[in-house]
Amino acid sequence: MDFLKPRYVPMSRRRRIYEGKAKVLYEGPEPGTLIQHFKDDATAFNAQKHDVIDGKGVLNNRISEYLFTQLNQIGVPTHFLRRLNMREQLIREVEIIPLEVVVRNVAAGSLTKKLGIEEGTQLPRSIIEFYYKNDALGDPMVSEEHITAFGWAAPQEIDDIMALAIRVNDFMVGLFLGAGIRLVDFKLEFGRLWEGDLMRIVVADEISPDSCRLWDIKTNNKLDKDRFRQDLGGLLEAYTEVARRLGIMSENERPTGPVLVQ
Ligand code: TMP
């Protein structure tokens with residue numbers, strides 16, 4: 001496949017397709033591909049809180065690459081093709097479904113606030129929630145009724161999304177457990193991938209400590225973006241620890257500074 005061969009386009013000449021809070025999408029080297037660039041920006045509470053944390057993008061690129069590669073290998077379809085460099089990966093262009101799909105195993109975050117459940121409570125079973133991706137509205141929680149009535153996704157697509165979310169959860173719970181980490185909850189995004197007349201739903205965006213809650217099994221230490229949301233400090237150290245435990249980054253590999261690409 002031609003698009004798997006590297007072809008370098010200078011940054012300045014690349015067409016920027018979309019800029020989000022933590023990532024930029026550029027036109028890819030072949031039709032149907034995009035380049036996903038991870039920035040160092042950290043935002044929370046719908047970007048009311050913002051900071052730049054040198055090296056976060058590099059870590060998220062690596063961690064997301066690792067998780068998406070594993071998912072591809074177990075037959076969970078994703079948009080991920082391969083990592084290009086420290087901050088960028090080649091992905092398939094998909095039509096993003098405007099939903100944030102949250103899977104929860106343990107009570108934390110908005111669930112504890114909304115329902116008064118104590119943080120850390122193991123949930124009776126995994127819970128899937130849908131949020132409508134709309135910054136102006138602050139990503140409100142929505143039901144399947146809203147999703148189908150307003151045409152954001154068809155009933156069959158919701159079924160596919162839920163089945164994939166459960167597979168991703170089952171796989172990642174085990175993967176992180178092996179690294180001494182409890183997967184408390186996480187957010188997924190999905191896209192429609194067109195292959196001729198056929199369309200399938202694939203996992204898109206990123207899976208990283210920005211989009212997951214990850215607690216150390218023994219100490220319950222937070223190894224995710226809650227370190228930023230709750231001003232706990234040590235975000236880079238926590239993300240580095242996640243990467244190290246997953247076997248992605250060696251002990252003394254540093255995410256910042258002049259590091260040789262690949
Ligand atoms: P929540 O408890 O704030 O609803 O978050 C649930 C999970 O979703 C948590 O792992 C963080 C992730 N998340 C995002 O990735 N993006 C977001 O905008 C929000 C609100 C949560």
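We number each residue from 1, following the sequence as shown. Values in this document were obtained by computation on a predicted structure and should not be read as measured data. Read the numbers this way: they start at 1 and go in the same order the structure lists the ligands and their atoms.
The closest side-chain donor-acceptor pair between Glu65 and Asn61, if any, does not fall under 3.5 angstrom. Judged by distance alone, the side chains of Asn46 and Asp139 never bring a donor and an acceptor atom under 3.5 Å apart.
Annotation: cation-pi pair Lys49/Phe228 present, NZ/CZ under 6.0 Å from the ring centroid and within 45° of its normal.
The existence of a salt bridge linking Arg245 and Asp216 is confirmed by a sub-4.0 Å separation between a basic side-chain nitrogen and an acidic carboxylate oxygen.
Pocket lining of ligand 1, defined as residues with a non-hydrogen atom under 4.0 Å away: Glu100, Val102, Arg104, Ala108, Gly109, Ser110, Tyr131, Asp185, Phe186, Lys187, Asp210, Ser211, Cys212, Arg213, Arg229.
Between Ala153 and Ile97 the shortest heavy-atom distance is CB-CG2, 4.2 Å.
Considering only residues two or more places apart in sequence or on other chains, Phe176 meets the ring-ring contact (aromatic ring centres under 6.0 Å, His included) condition with none of them.
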